[in-house]
Amino acid sequence: MQTLAEGLRLPTNGLDYAILAIYFVVVLGIGFMARASVKTSLDFFLSGRSLPAWVTGLAFVAANLGATEILGMAATGAQYGVAVVHWYWIGAIPAMVFLGLVMMPFYYRSKVRSVPEFLLQRFDKSAHLLSSVLFAFAAILIAGVNLYALSIVVEALLGWPQWVAIVVAGLFVLVYITIGGLSSAIYNEVLQFFVILAALIPLTVLGLKRVDGWDAMSDSLTKQHGGDFMTAWGGTGIGDPNPLGANWLTIILGLGFVLSFGYWTTNFAEVQRALSAKNLSAAKRTPLIAAFPKIFIVFAVMIPGLVAAVIVPKIGTPDSDLTYNDAIPLLMQELLPNGVLGIAVTGLLAAFMAGMAANVSSFNTVFTTDIWQQYVVKDKPDAYYLRFGRLITAIGVLASIGTAFIAASFSNIMSYLQTLFSFFNVPMFVVFIIGMFWKRASMKSGVWGLVAGTAAAMINYFWIYKGGIIDIPSDQGANFVSAIVGFVAGAVVMVVVTLFTAPKPEAELAGLVYGTESPSPDEELEEADKAWYRKPALLGWGAIVLAAACYIPYSF
């Protein structure tokens with residue numbers, strides 16, 4: 001198990017602990033206030049579909065600001081350099097725009113309570129059950145990653161043993177989710193978004209000052225790792241070596257298309273925030289509003305990782321007792337004065353709680369509505385499923401405590417997360433995208449596409465890559481290849497199965513397949529409201545143009 005490096009205890013004092021205590025009181029207070037609005041299972045799982053777009057938009061981006069974003073991306077910056085921008089400007093923005101403009105109308109109009117429930121309407125019960133089980137399992141594994149990252153900060157802050165930090169942090173998240181349901185999680189995520197920025201911005205500014213600015217840092221890292229370390233595309237020709245261990249084709253197809261679209265369009269931990277919006281227009285704007293801050297957050301997580309690689313040149317290697325995951329705690333210890341340190345610690349804890357809360361709240365929804373209510377205990381009063389949702393939330397958090405110890409065995413948790421995404425999100429994406437755009441796709445093709453995609457990605461990773469059959473330079477490069485293999489296998493199997501099985505009756509596909517949309521009250525509202533800031537297409541393309549403008553300096 002990877003533990004915190006010896007001597008990385010943060011020099012906190014009473015002021016820092018006071019800031020942290022105030023934050024925890026506010027978080028629990030929001031949970032108790034949200035409890036008053038939870039009267040039905042729809043309130044608990046989807047906030048009664050009543051939230052405005054600006055709230056769901058900030059919650060959407062904050063839900064992703066967990067271990068992946070903070071420790072994971074800083075670790076990736078320290079390990080692979082400027083190539084980390086690919087996870088944002090190729091691996092996030094286009095998919096978020098696609099979700100808002102293309103997929104949210106299907107999700108929202110169908111009135112589904114979860115992403116797997118859409119597969120029940122489009123395909124059949126077998127595809128629905130398998131996707132529900134796969135998602136629930138993946139959600140617990142990913143929640144464990146956030147909990148492990150949270151425990152690193154608690155360990156650095158208080159000096160507690162890691163297992164104690166994991167258990168205590170998990171129980172705290174359990175309290176405020178169980179009390180207030182999704183509303184509690186979402187409103188806390190809005191607060192956490194601003195607290196996270198208050199933590200990362202001083203760390204980034206002081207980090208650059210410590211290494212004498214960007215140019216001096218770039219010169220130092222270029223001497224250590226070569227010229228490609230400080231460029232996004234350097235050395236990415238097919239067959240050329242580069243720090244990331246991937247070429248332009250696997251970056252564009254594996255990360256930019258398959259992994260990115262698979263995560264942002266089918267991961268219910270994100271989509272759930274948009275589904276809680278008050279109408280279709282707000283649901284469509286949710287990921288588009290989130291795309292704008294997402295463009296710039298890359299600098300606040302990449303630069304600390306690069307700074308850590310300058311301060312500790314051998315970070316993450318056998319010659320150092322620091323793993324890549326230690327980059328952020330290292331800079332907090334080295335750079336931040338008391339008071340600011342308290343804000344930074346609070347921001348990190350907020351980030352990890354947001355990420356864990358997103359996965360646990362999506363897990364309890366899928367397990368309750370898609371598995372328990374659909375296949376185990378049917379036709380009970382709504383109050384029964386509300387009580388069961390709270391119970392399964394507690395079970396999910398306890399299970400996450402167990403999976404946190406799995407995450408602790410990886411020196412770069414971002415690599416671990418990308419592996420999980422290639423196994424679970426990519427197969428679901430191929431089934432969704434073919435089902436939404438091909439009316440002929442048969443009912444049975446959904447489940448076999450899921451099976452084939454998941455199996456192919458796992459075989460590629462564990463047998464072909466880990467077994468050394470094909471030499472892939474890095475775990476990240478292997479994840480990109482696994483994603484491509486899983487997507488292609490799932491698509492081919494869906495086409496083959498469709499040729500030999502019956503399609504779903506066309507009358508049952510209205511609103512589920514592109515070109516079959518039916519009018520809805522939400523469309524009338526959209527037509528009546530012509531304000532520029534309410535036009536999803538304008539927001540979406542604006543985000544893409546802005547991301548492209550930011551990307552120009554790293555394209556050469």
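Counting only heavy atoms from C-beta outward, the side chains of Ser482 and Tyr465 never approach each other to under 4.5 Å. Looking only at side-chain heavy atoms (C-beta outward), Arg122 and Val513 come within less than 4.5 Å of each other. For the pair Trp89/Val298, a side-chain contact is recorded, criterion being any heavy-atom separation below 4.5 Å from C-beta on.
Taking the six-membered ring where the residue is Trp, Phe257 and Phe487 present perpendicular rings, their angle passing 60° and hence far from 30°. By the 30° and 60° cut-offs, the orientation of the rings of Phe388 relative to Phe367 is parallel. Ring pair Trp87/Tyr80 is parallel by interplanar angle, where below 30° counts as parallel and above 60° as perpendicular.
In Phe137, the CZ atom is not crowded: 12 or fewer heavy atoms of neighbouring residues, nucleotides or ligands sit closer than 6.0 Å. Enclosure of atom NZ in Lys444 is not indicated, since only 12 or fewer non-hydrogen atoms of other residues, nucleotides or ligands lie within 6.0 angstrom.
We find the CZ-CD1 distance between Phe292 and Ile93 to be 9.0 Å, quoted to the nearest 0.5 Å. Note that CZ of Phe261 is 10.0 Å distant from CG of Leu99, once rounded to the nearest 0.5 Å. Annotation: the span from Leu58 atom CG to Phe193 atom CZ amounts to 5.5 Å, rounded to 0.5 Å. Put simply, CG on Leu249 and CZ on Phe480 are 12.0 Å apart, with the number rounded to the nearest 0.5 Å. Note that the CD atom of Gln374 and the NZ atom of Lys125 stand 5.5 Å from one another [nearest 0.5 Å]. Atom CE of Met494 and atom CD1 of Ile434 lie 4.5 Å apart (nearest 0.5 Å).
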TODO: Walk me through it: do Ser126 and Asp124 pass the test side chain to side chain donor-acceptor pair (under 3.5 Å)?
DONE: CA-CA 6 Å; Ser126 56; Asp124 60 8; 2.8 Å; yes
- [ ] Tell me, with the steps shown, if Asn479 and Ser422 meet side chain to side chain donor-acceptor pair (under 3.5 Å).
- [x] CA-CA 6 Å; Asn479 291 333; Ser422 69; 4.6 Å; no
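Put simply, the residue from Phe437, Trp264, Phe118 that forms a ring-ring contact (aromatic ring centres under 6.0 Å, His included) with Phe432 is Phe118.
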